[in-house]
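In what follows, chains carry the letters A, B, and so on, assigned in the order in which the sequence lines appear, proteins first and then strands, with residues in each chain numbered from 1. Just so it is clear, the values below take in all heavy atoms, side chains as well, and ignore hydrogens, waters and symmetry mates. Everything numeric in this text was worked out from a predicted model, so none of it was measured.
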Protein chains: 2
Amino acid sequence: MTKPSEPIPDPVEAAGDAVFRRPLTTVDVVILTIRAGSLQVLLVQRPQQAGEPFPGRWALPGGFVDVARDRDLQACALRKLAEKTGVDSPYLEQVGSWGSATRDPRGWSTTHVYVALLPDETLALQKGGNAADLRWAPVEGEGVAMPLAFDHAVLLGAALHRVRGKTEYTSLPAHLLPSAFTLGELQHVYELVLGRSLEKKAFRTRMLAGGMLEDLGAQKETGRRPALLYRLREQAGLVYFTRSFEQR
Amino acid sequence: MTKPSEPIPDPVEAAGDAVFRRPLTTVDVVILTIRAGSLQVLLVQRPQQAGEPFPGRWALPGGFVDVARDRDLQACALRKLAEKTGVDSPYLEQVGSWGSATRDPRGWSTTHVYVALLPDETLALQKGGNAADLRWAPVEGEGVAMPLAFDHAVLLGAALHRVRGKTEYTSLPAHLLPSAFTLGELQHVYELVLGRSLEKKAFRTRMLAGGMLEDLGAQKETGRRPALLYRLREQAGLVYFTRSFEQR
DNA sequence: AGAATAGTGTCTCTTAGACACTATTAT
DNA sequence: ATAATAGTGTCTAAGAGACACTATTCT
């Protein structure tokens with residue numbers, strides 16, 4: 001790690017006006033997947049050492065931006081994600097940023113929150129890796145059952161709100177599935193994310209009309225009637241539908 | 001957090017030296033209004049002094065978070081807004097954050113972008129205030145005609161994309177109008193923001209069905225047939241419609 | 001045959017788009 | 001009367017919800 005020349009006066013503080021102390025800058029990642037029949041979020045346990053804030057509490061994976069290593073905020077989020085899961089190309093979206101004098105006892109801090117959606121299958125790698133201080137927690141309502149460190153309950157709530165919002169009118173939940181899936185599995189994922197059931201015919205019509213799915217011509221053997229397998233067509237982002245799912 | 005066992009005693013306390021140098025932290029505000037028949041954005045001219053980045057270029061209003069004055073990021077955005085316009089309670093929404101090693105020549109920096117929507121009328125105050133280094137620029141397509149400092153063209157583009165997106169399915173553009181307005185004026189604002197015309201009957205049906213408007217029982221005298229005046233009903237946020245406006 | 005899941009047919013309801021029509025003002 | 005803008009009536013099309021129906025597999 002090369003050491004940048006630090007003793008040089010800060011050009012910003014040298015620029016005249018009041019001295020602007022710099023806030024702490026972190027990135028936190030809300031990593032979601034479908035596991036064991038529910039939507040789950042990856043948490044890390046904070047170190048037990050004295051002097052650490054929230055020792056032993058569960059928290060979102062994240063940490064300080066490393067200006068020597070991270071080219072930009074998204075690269076920092078991808079680094080955190082890869083460190084915890086081994087996954088390097090998930091669906092990744094920025095949720096927003098939170099900054100205040102009080103959210104971190106160590107001082108004025110801002111965090112940049114990203115949400116990543118992973119298929120469960122890609123996680124086989126990670127399970128062998130580290131560590132007892134990592135766990136998946138099922139999402140219940142707007143968050144998880146245990147208290148979280150810092151304002152992470154708020155950050156998680158915002159990420160879930162974003163994901164649920166987009167689930168109403170985009171193809172987003174498809175990124176929680178492996179590359180080949182059936183329409184039944186896709187509908188099940190939508191229902192898990194939204195926490196309510198959807199009408200089968202309307203769901204299928206919408207998904208097939210969206211033009212985002214490619215029929216793989218293969219079938220999934222499930223023990224009952226086999227279902228057609230689809231995959232997401234090659235395309236940059238999400239498909240947006242012009243109508244939301246409606247109430248109930 | 002990064003690695004549990006870091007050889008440095010406390011990375012935060014060490015934040016002045018090589019390990020976790022803190023990025024610069026700024027807030028930029030995209031201030032939009034309807035003026036002279038078009039959507040316009042407020043720009044400030046960067047100082048001409050040598051040593052300043054982008055001297056003389058136009059830029060979004062913004063600047064460093066002042067950890068001594070700003071309670072949180074939104075308070076910082078409101079402060080910047082009030083400094084430039086005198087307005088203190090606009091529609092204000094966070095667009096996102098941008099951070100990288102290269103976006104500011106002075107070093108690794110992050111900015112937090114907010115968008116504010118103002119009725120033109122509230123700006124009478126500001127016109128008397130300062131200053132020759134402030135101007136309104138008409139929005140053309142994804143941005144403005146002149147080049148902007150830093151990556152502000154990208155930030156402005158993202159804010160416009162957000163505003164246009166929400167214009168398709170929320171009551172957002174109403175915040176660009178004074179508190180009393182006619183449906184014709186409201187439709188005109190939607191059309192200016194979207195850059196395309198909307199069908200009158202469909203527009204009126206949607207707005208009135210949304211339940212967000214309150215009939216003031218008064219009429220606006222325009223020289224032709226007077227139109228009913230409405231105002232936004234008291235409510236926290238936006239009204240979301242379950243369908244987008246559709247193409248053309 | 002019965003269970004279970006995959007997939008379709010078809011009706012109703014809501015709302016956008018199109019567009020012609022009426023209503024109210026000023027000149 | 002004419003121009004101009006405000007506001008309505010009404011038809012069509014698309015797609016969501018409801019729900020019953022058929023289809024294909026297993027035991």
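In the displayed structure, B:E142 atom CD is contacted under 6.0 Å by at most 12 heavy atoms of other residues, nucleotides or ligands.
Nearest-nucleotide positions on DNA chain D for A:A209 and A:G223 put A:A209 closer to the 5' end. Mapping B:R225 and A:E185 onto DNA chain C via the closest heavy atom, the residue that lands nearer the 5' end is A:E185. Along DNA chain C, the nucleotide nearest to B:F241 and the one nearest to A:T182 differ in position, and the one closer to the 5' end is contacted by A:T182.
What separates CZ of B:R206 from C1' of D:dT8 is a distance of 19 Å, to the nearest Å. Summarising the geometry, the separation between CG on A:L208 and P on D:dA16 is reported as 12 Å, rounded to the nearest angstrom. Rounded to a whole Å, the CZ atom of B:F203 is 12 Å from the P atom of D:dG7. Straight-line distance from the CZ atom of A:F245 to the P atom of D:dG15: 13 Å, rounded to whole Å. As rounded to whole Å, 16 Å separates atom P of D:dC26 from atom NZ of A:K220. If you measure from atom CZ of A:F181 to atom P of C:dA6, you get 14 Å, rounded to the nearest angstrom. As a whole-Å value, the separation of A:L198 CG from D:dA18 C1' is 14 Å. Between B:M207 atom CE and D:dA6 atom C1' the separation is 17 Å, expressed in whole Å.
Side-chain proximity of B:E199 to C:dG17, D:dT24, D:dA16: nearest is C:dG17. Here the nucleotide nearest the side chain of B:R224, chosen from C:dT24, C:dT15, C:dA26, is C:dA26. Comparing D:dT8, D:dA18, D:dT24 by their closest approach to the side chain of B:K200 singles out D:dT8. In the set C:dT25, C:dG17, C:dT10, C:dT10 carries the atom at the smallest distance from any side-chain atom of A:K201.
Under the 30°/60° scheme for interplanar angles, the aromatic rings of B:Y169 and A:Y169 are found to be tilted.
Across B:L186, B:V189, B:L216, a single residue satisfies side chain to side chain contact (heavy atoms under 4.5 Å, CB included) together with B:F181, and that is B:L186.
Side-chain N/O atoms of A:T111 and A:T26 include a donor and acceptor closer than 3.5 Å.
The phosphate of D:dA16 (OP1 or OP2) has no side-chain N or O of A:R243 nearer than 4.0 angstrom. Put simply, A:R204 has a side-chain N or O that comes within less than 4.0 Å of OP1 or OP2 on C:dG7.
Across every non-hydrogen atom of A:A116 and A:V29, the tightest pair is CB-CG1, 4.3 Å.
Within the 4.0 angstrom heavy-atom criterion, only backbone atoms of the sugar-phosphate kind lie near B:L228; the bases stay farther away.
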